[in-house]
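Mind looking over this structure? Questions follow.
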Amino acid sequence: MLLLNAQELCLGYEGKRVASSITFCVRPGDYLFIVGENGSGKSTLMKTVLGLLSPIEGEITLGDGLKHNEIGYLPQQTVVQRDFPASVREVVLSGCLKRSGPCLFYTREDKECAATNMEKLGISALSKHCYRELSGGQQQRVLLARALCAARKILLLDEPVAGLDPKAAMDMYQIIKELNEKHGLTIVMISHDVSAAIKYASHILHIKENSSFFGNKQDYLETDMGKNFSNIGER
Amino acid sequence: MDIMIDKLILYFEYPFVRYALIVSVLISLCASLLGVPLVLKRFSFIGDGLSHVAFGAFAVAVILNPINIMLIIAPITVFCAILLLRTGQNSKIKGDASLAILSVSSLAIGYLLMNVFSTSPNISGDVCATLFGSTSILTLSLLDVWICIIMSIFVIGIFLLFYNRIFSVTFDESFATATGTKASHYNLLIAVVTALVIVLAMNLVGALLVSALIIFPAITAMRIFKSFKGVVICAVIISVVCSTTGLLISILAGTPVGSTIVVTHLCIFAIFTGVKQLTRGRI
């Protein structure tokens, strides 16, 4: 019953090796944080899981009947989006695009799905608003709603709180926690924030150049990397 | 006023004036549709670069003198569109530089060829006409009009069919790719169709002014409208209105067609920007 299973992955792009010997697995209902320094290969790992890059060595297998179009993905915001004229509803609906296979237009089901997910994240009232005029936290909710439209079982998030103010970041973590606990969605999140990882995660993957750690939170707190952070937390 | 209307009615009795109107409406419609994703994806440079390429291709076509010059201009421009897209994606700076190289080389080669193998005594007139549009819009044959109609149906059809995907790919390429839309295919499709539209639009406003038809309507619509659908519809309306107005003015006042249309676009852009400034505090 593994949703994702990665064995001895060696990651990279354009022939450049970024990270090696990464092994981890994700079970339904898990909340996995992927932490590590800048350039350690977190985003590369995410792209490999999504099938946008292929690993140099090792392999990732999708299990439990999981298909690529059932993975929800929240990418980092791009420059293009900052002044993009689009209504919230248009953005959220675009998450439904591949839901019903190769159909070119949105079905009624798709529209209902978009409405339900906007409701879930409390952005229904913004449905007609312009995406570029929203606050950072609201924009991130819109993108999360879009990801939810595509996600049936698992949600991948790439630095969802980057650039948000502390309050909005807290709200974001709270929403994701609820999605995980109430709606049983499996979460895989990339983050810089090890203290948040210790607070919310069920499992942690810490990517380091040659020695990556993977295990549940209790085990992580007993490693040297984890001890550093739990000490900071206590002080 | 009555004199002007009488004059227009008189002109519209000539088939070539009617052809010119049909063609300019269709071309500006297609150009504005494509302009929206191009501007939003920061691909406006492709439109600009391709128009220079089309000029070079035109020079080659005139020398080779095939049955229809489109048969030479279109493939060269489409090929360069693909080339530009590929290099543009690899790295930002290299893409920029390679575009500049391609643009100026096409201009230089075009002018050189026209000069060396000149077929008419008035070279600078020919060059000027190709760059800034000419009376060729008023010398269209029925065949040209049909080519234009078929192309427009093709472009509009593609845009409507793939509307949702074009939106998704334009808004967020990585999300679209991750959820299984082949973003690179759609980029290629947009670039190829842009190349075809540019080749057609060269007749209307000339090679140097083509990018105005692509960029202005989208930018102007984005001043006021806040949804993608709104921007697309508004861009199409602005474009058709501007081209028609520009064409009529140029017929009445005897000004060059291309520059009149572009200046009309500029005026509308200025008005929209003004309206946006005025309403900024209130919305």
Inset, instruction - Against chain B, label A/L93 side chain, backbone, both or neither, depending on which of its atoms sit under 4.5 Å from a heavy atom there. - result: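 Interface part for A/L93: neither.
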
Legend entry - Proximity breakdown for B/L160 and chain A, heavy-atom pairs closer than 4.5 Å: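 Contact with chain A is through the backbone of B/L160 alone.
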
Legend entry - Non-hydrogen atoms of A/L164 and A/A169 that approach each other most closely: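 Shortest heavy-atom contact: CB-N, 4.1 Å.
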
Legend entry - Which portion of A/R146 sits near chain B, non-hydrogen atoms under 4.5 angstrom: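 When you check distances to chain B, atoms from both the backbone and side chain of A/R146 fall under 4.5 Å.
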
Legend entry - Side chain / backbone / both / neither for A/A86 at chain B, heavy atoms under 4.5 Å: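 Both backbone and side chain.
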
Legend entry - Contacting region of A/V88 [heavy-atom separation from chain B under 4.5 Å]: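 Neither part, no heavy atoms under 4.5 Å.
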
Legend entry - A/E159-A/H192 side chain donor-acceptor pair, cut-off 3.5 Å: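 A donor-acceptor contact under 3.5 Å links the two side chains.
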
Legend entry - Under 3.5 Å side-chain donor-acceptor pair for A/Q139 and A/Q77: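 The answer is yes; a qualifying pair exists.
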
Inset, instruction - Can you see which heavy atom on A/G29 is nearest to which on A/T186, and at what distance? - result: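 Nearest pair, atom of A/G29 first, then A/T186: N-OG1, 3.0 Å.
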
Inset, instruction - Flag the one option from B/F167, B/F162, B/F225 with the top tally of heavy-atom pairs under 4.5 Å to chain A. - result: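 Between B/F167, B/F162, B/F225, the count favours B/F167.
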
Legend entry - Top of A/L143, A/L74, A/L156, A/D83 for chain B proximity - count of heavy-atom pairs under 4.5 angstrom: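 Option with the greatest count: A/D83.
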
Inset, instruction - Kindly determine whether B/S227 and A/S87 satisfy side chain to side chain donor-acceptor pair (under 3.5 Å), including the steps that lead there. - result: CA-CA 5 Å; B/S227 72; A/S87 69; 5.4 Å; no

Legend entry - Exercise: identify the closest heavy-atom pair between B/P217 and B/H265: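 The answer is CG-CE1, 3.8 Å.
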
